[in-house]
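Keep in mind it's a predicted model, so treat the numbers as computed, not measured. Atoms considered below: every heavy atom in the structure, side chains included; atoms not considered: hydrogens, waters and symmetry mates.
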Amino acid sequence: MFDENETVVKETLDNLKPVPSAINHASFVRNVGAVLETVDNLDVPLTPMLVVIGYNYIKTTEAVDIGTCVIKMGDDVVHAVEEPTPSNTIMPLAIAYDNRDGVNDNLDVNNFRVNLIATPNLSSNFADGDDVDSAIDDFDGNYVPCGLEHGECSLGDLAVPVDGPSNGIDGSFGRFLAGPSVGFIQKKTNKLTDAPTIVVEAKSYANAAISIFEGGLMESLIPEISRLLNNTISPDKNLVSASADRLDRLSSQSGFLLSLLAITTVGDSQGLKIAAAIYLKNFIRRHEVEIRACSRQYIEFRNQLAQTLLQVDSSILKILVDAFRVIITSDFVKENSWPDLIPELKSVIQSSKLISQSPCSQWSTINALIVLQTTIRPFQYFLNPKVPKEPVPLQLELIVEVILVPLQATFHFFVDKVALACPERLEMETEEVLLAICKCIYFSVRSYMPSALRCAMPAFCNDWFRILDSLSLGSAFSGDGHLLRLKIVKRILIIFSALVTRHRKHCDKLMPNIIKCTIKIVKQNANIIMLDAFPERIVSLAFDVISHVLETGPGWRLVSPHFSSLLDSAIFPAVALHQKDASEWEEDADEYLRKNLPSNLDDTSGLTEDLFTARKSAINLLGVIAMSKGPPVASTASKCKKRDRNKKKECHSSVGELLVVPFLSKFPIPCGAEESSSKILQDYYGVLMAYGGLQDFFKGRSSEYIYTLLQNRVLPIFSLCPCSPYLVSTANWLLGELACCLPQAMSANIYISLTKALTWSDDGGFNYYPVRASAAGAITELINNEYFPPDWTPLLQVLVNRMGIGDENESRLFFNLLSTVVEAGQDKVAVHIPVVVSNIASVILREIPPMPEPWPQVLERGLAALAHVAHIWESSLPDNIQHPENGEWRSGWASIARLFSNLLQKAWLMPVIKIVDDNKFAVSGALPSSSCIDDASTLLGFVMRFITKRDEVDSLKIIDLLAVWSTLIAEWDLWEEMEDQSIFNSIQEAVNLQRKCDLQILFTRRLPLGNSSPGSMLSIFEGICIFVSDAIKTYPAAVWRACLCIHALLHVPSSSSDADAIKHAMATTFSRTAFSRFRDIHEKPIGLWKPLLLVISSCYIFYPEDIEQVLDKEADKGFIIWASALAHISTSSFTPGLSTESELVLSVVTLTRVVERLLISLLDRGEVLRVSFMALLDAFTRMKELQVGNEETEDSDEEDSDDNDDDEDDSDEDSEDEQLEETEDEFLERYAKAAADLENEMVEKVDIEDDDQELELGVFNEINLESSVLRLIESHGQELMKGQTLPPSIVQGLMSSFPKHTHLFQIP
């Protein structure tokens, strides 16, 4: 009976297509059932059922295991249930190639067999996730068929790839959802079993894949995952943690991702769906590589995710598109390995509900367009920015040609539809479609210009012009539809900016209409007080588009006829004071400052994209207009005789001179009694704002011109009585903006005015903080532009008096300004520094919290200011500070050191307080906060440099402070976030302090390490050792600094056995860490080789036998590896090579010891002995040359450099007036060069950052190197140099160093 049904099954399988099809599904089920009936009546017992899901990817003659899972039936997770397998049980589908002699000779050579398999009676108990493939393959027992109940058998897509003959590889491939199935698995032998085998011809299924539905496994995971996701939002932290751990363990199962995806659509609640989507998104981001490793499952998940995106609601869609973006970027953008994506997406879009006008369609148009938008988004940036003219990616060209350009007809249809709609009843779906298409076009043209879109751009623009013409910003319409319309307008304006700035040659003909539409928009802001944030952003973008057009070649011709109307009806209304400005001043002064009076003084201030306002964009446009050339005017001979090439320029006036400044001059200065609502005050506020946008214009004016303008139009504001805070704050900001072109003759008046503004105190409940903040920002700008006050004392006095007054933001502001003033004043303010430090310290002492939590920003800025002031103070100290005539300086230093010590004691030595249930408890042994450890280290280093006597160590409690500090830095883990140089500097100061005062307590004073086991104690130097070792292991940029510290630490004098033991342990740790780091980077010689190998050298000289053992333990022949690498960097050919005298001395000492060791050792030396000896001679010769020096050459180089600088300055002056508009090619060349420099500069900086600093050599300086090298040459030179050719420079150097032994260098 089986033979009769074999042909039927074969025909059924042959009719199945590689692409999923249900045409033959029923027939297939029926015929498989017929086959199974032949064996259904066999007398076989029921078998304990352990369902094995394992599958191999079969390609030609190899099988690669890509996944294994075990499921046990029943509630008992240990033992299988002895009962027939129920319906919807996952069964394996085994496929094996069969091309052996004597088997199926009547078929073609490419054959395979399909076995509906049962499971052998295995005695082992398996757990979830166990690999059972090998157990089945090696099973020598009998395979027993499984008897199952009758029911429907559902087989998924069956299409088997066959590509050439195979050697009879067995392996399961794919899965199917089985009900009534009886089958057999073949033993791994060279013969077929007696079990019935369905044999089919395979060649019709070439280059396809089997994809079998995994519903049974998913159904078992979905309830568990749903329960765990619900638990993750529980208030019980333990339950949340346990659920998260369980999810992590489940994530290894093959159906996990598909189960999560299913929950996003069929979850019991919206919260569960969102939780599943978020977990899925984060999981893909974290485990993208692992997910992609399982190719078949990954492709199945990828396709299912794309299909899910097309059907989920908007809240889930927003989350899942982030996960889809990760996949798109890898598979489509970078690898271009998803060829079916675009054709299928095109089909979906065309058949979606809104575009096909078919309500019955299963596809959402909005979802499909968002998927398209996500697919295009990565192309908004150049994929390879280092290529000057990167061609449009083929994928983007395909998207635009196949999908985006055909959507123009749809876009036009919907624009017609909205044009006929009532403005108060805008359709959400229609607006969403228009917005999505606009975003797709923007991403397409932001960097590239696809050829197909270039032809379609005029048609799109015509529709955009219609949308812009219909815009009414002053209307009272509201609602989601109106908001979407504003978003569409915003996107259109951004597209116009991209077209004008990036693709001007493709939009020159469109510019007249672009200008017409944007001018209409900006003139709607006359009553800007009524505009909300979003409409104001649209006005801002419209101003920006006009600015971009005006900066192009034909822009002046298009915009110049509108200059007067723009200035009067658009720009000035935007910059004038409005009631909402006064409201924002009162409600959020910091926000007012960021939007209107940005300053570089505060890190949080400054203009960012979300703070673009119509006012700022209008000011920018005004500056561009002012710099535009006006009509030709008659020029005098005196103007034209300077340079002939400047005649044309000087024969034109500017629009600023002809139009802008005269327009602003017509507004009178208020008398002082006006309210903020008065028209004259509001207009003059706009005048001051407008002047701030004319910085480039004023740069080209004479000092007399600027002097007259400020004296007549700006400084009188400060003399008004009463002064308007709105005008004064704006005048402050204006002076800062014009800092680069202020006449020096006005310095005193300007600083008097600004210093006066700093003293304004809040009065009558009115907040004058913006006045003080703008004054501080202006002073900072003046100082940064080297515009200094004639006398620093009044300004310092005001700053000192303001310390501790105001809120945290204001204190931070004044701390920053104080740092700037002290740095700029240098010697002129140094005498006042002790008083300044005292005031800052008193503020900080009041604010230090006792809790071990991050400190507030005001403390961070205060400590930063102290650290900065301390540095300025030390740089101003006289050379001989101990001389009696410098007693005042010494007294000031002592005063500052005591203040710093008291401050650090308050921060580190006071009991740590913790709050539990509103009760405060002192925690014994707890570490204080590590906040500001970098600046605190600077203060600690300052105190240590002051100390010269042992009693000062005790009075300043320096040992206690060092003990806490060393423990804090031992737990440092902020290498990427904070500057570490001050910590390394303080390590060096601790070493110097040990030398000055012989503080053996630095080796013995111990504190517990916070993260260590109970009872673990560290000495001060051991804590430092941990920090330095972590720097080498963790952060490449800190390797140089860490290695410099190691050399200093190894040479710390010690006079006790405990100290010697600690130094020995430190050397062992340092050498092990440095060698491990070297092995990580040893494949390619780079600059980091040098510090790492030299650190090992210092350790080796101190403890040669122990360090050799450490190296050999770390790697096979580790000592030989290190010696060979050291010889390599010691040659003159290595770059960056040994450049300082101390590096060469250390290299010579170490190589001498290494060669001596290799000469007497039994090690497998290979060529390392000869190479080390030759490198020793090379390094020794260069060391002698460097010791002699050649200062005249250096002086000559400096003079040449100065001459070159002068020539360059002259050249810059000559070419300053010849700058032309940058072409697109020039822009792309500059862009590509900047990208390449950005990629390469970091590695170079890391490699050579500190290699010009001298190493600490200590006792190594006492070694007689000439004697050691000569003795080695005399004893072994002839043997080691035999067959070698020394460069003439080395021979000459050796002869010069050993004139009495020149015969040693006569190499035969």
Worksheet item: For atom NZ of Lys996, is the number of surrounding heavy atoms from other residues, nucleotides or ligands below 6.0 Å larger than 12?
Response: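 Counting other residues, nucleotides and ligands, NZ of Lys996 exceeds 12 neighbours.
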Discussion item. Counting only heavy atoms from other residues, nucleotides and ligands, does the tally under 6.0 Å from NZ of Lys906 exceed 12?
Written reply: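 Above 12, so yes.
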Backbone of [Y] reached by a side-chain donor or acceptor of [X] within 3.5 Å:
| X | Y | value |
| --- | --- | --- |
| Thr820 | Thr780 | no |
| Arg861 | Phe815 | no |
| Ser1142 | Glu1254 | no |
| Ser1097 | Leu1093 | yes |
| His1082 | Arg1079 | yes |
| Ser930 | Ile933 | no |
| Ser982 | Asp934 | yes |
| Trp1089 | Ile1081 | yes |
| Gln994 | Pro1053 | yes |

Residues that [X] engages under side-chain contact (heavy atoms from CB on, under 4.5 Å), provided they are two or more places apart:
| X | result |
| --- | --- |
| Thr948 | Gln882, Arg890, Glu952 |
| Thr793 | Asp791, His832 |
| Ala1031 | Trp975, Phe984, Ala1038, Ala1042 |

Which pair of non-hydrogen atoms, one from [X] and one from [Y], has the smallest distance, and what is that distance?
| X | Y | answer |
| --- | --- | --- |
| Ser1076 | Glu1114 | CB-OE1, 4.3 Å |
| Ala970 | Ile1026 | O-CG2, 3.5 Å |
| Trp873 | Ala830 | CZ3-O, 3.4 Å |
| Ile1020 | Leu962 | CD1-CB, 3.9 Å |
| Lys1090 | Ser1139 | NZ-OG, 3.9 Å |
| Cys932 | Glu860 | SG-CG, 3.3 Å |

Looking at residues at least two apart in the chain, or sitting in another chain, which of them share a side-chain hydrogen bond (donor to acceptor under 3.5 Å, both in side chains) with [X]?
| X | result |
| --- | --- |
| Asn985 | Gln981 |
| Asp827 | Ser876 |
| Asn801 | Gln797 |
| Asn992 | Gln988, Arg995 |

Discussion item. Evaluate Ser1098 against Ile1046 for side-chain contact (heavy atoms from CB on, under 4.5 Å), listing each step before the verdict.
Written reply: CA-CA 9 Å; Ser1098 285; Ile1046 290 175; over 6 Å; no
N/O donor-acceptor pairs under 3.5 Å from side chains in residues 1067-1074, not counting sequence neighbours:
from: Thr1068; atom 1: OG1; to: His1064; atom 2: O; distance (Å): 3.0
from: Thr1069; atom 1: OG1; to: Ala1065; atom 2: O; distance (Å): 3.0
from: Ser1071; atom 1: OG; to: Ala1067; atom 2: O; distance (Å): 3.0
from: Ser1071; atom 1: OG; to: Thr1068; atom 2: O; distance (Å): 2.9
from: Thr1073; atom 1: OG1; to: Thr1069; atom 2: O; distance (Å): 2.8

I'd like to check [X] versus [Y] (side-chain heavy atoms, cut-off strictly below 4.5 Å). Are they in contact?
| X | Y | answer |
| --- | --- | --- |
| Asp590 | Tyr769 | yes |
| Leu795 | Leu758 | yes |
| Cys1043 | Leu1094 | no |
| Leu903 | Leu863 | yes |
| Leu904 | Leu909 | no |
| Lys1113 | Val1110 | no |
| Tyr1100 | Leu1111 | no |
| Trp855 | Ser929 | yes |

Residues forming a ring-ring contact (aromatic ring centres under 6.0 Å, His included) with [X], sequence neighbours excluded:
| X | value |
| --- | --- |
| Phe1075 | none |
| Phe1021 | Phe1003 |
| Phe1102 | His1051, Phe1260 |

Fill in: Full working for side-chain contact (heavy atoms from CB on, under 4.5 Å) between Leu859 and Val843
CA-CA 9 Å; Leu859 286 182; Val843 173; over 6 Å; no
Item to complete: Start with the C-alpha gap between Ile958 and Ser901, add the side-chain angles, then the distance that decides, and say whether side-chain contact (heavy atoms from CB on, under 4.5 Å) holds.
Response: CA-CA 8 Å; Ile958 202 66; Ser901 176; over 6 Å; no
Worksheet entry | Point-to-point distance, once rounded to the nearest 0.5 Å, from CD1 of Ile1062 to OG of Ser1057 |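 Answer for the CD1-OG pair, Ile1062 versus Ser1057, is 10.0 Å.
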Discussion item. Run the side-chain contact (heavy atoms from CB on, under 4.5 Å) test on Val836 and Leu799 for me, step by step, so that the C-alpha distance in whole Å, both residues' side-chain angles and the decisive distance to 0.1 Å come before the verdict.
Written reply: CA-CA 9 Å; Val836 172; Leu799 293 178; over 6 Å; no
Fill in: Residues Lys1063 and Asp1060 bridged, charged N to O under 4.0 Å
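Not counted as a salt bridge, because no side-chain N and carboxylate O are separated by less than 4.0 Å.
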Worksheet entry | Residue pairs passing the side chain to side chain donor-acceptor pair (under 3.5 Å) test where at least one lies in residues 841-850, sequence neighbours excluded |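 Found none.
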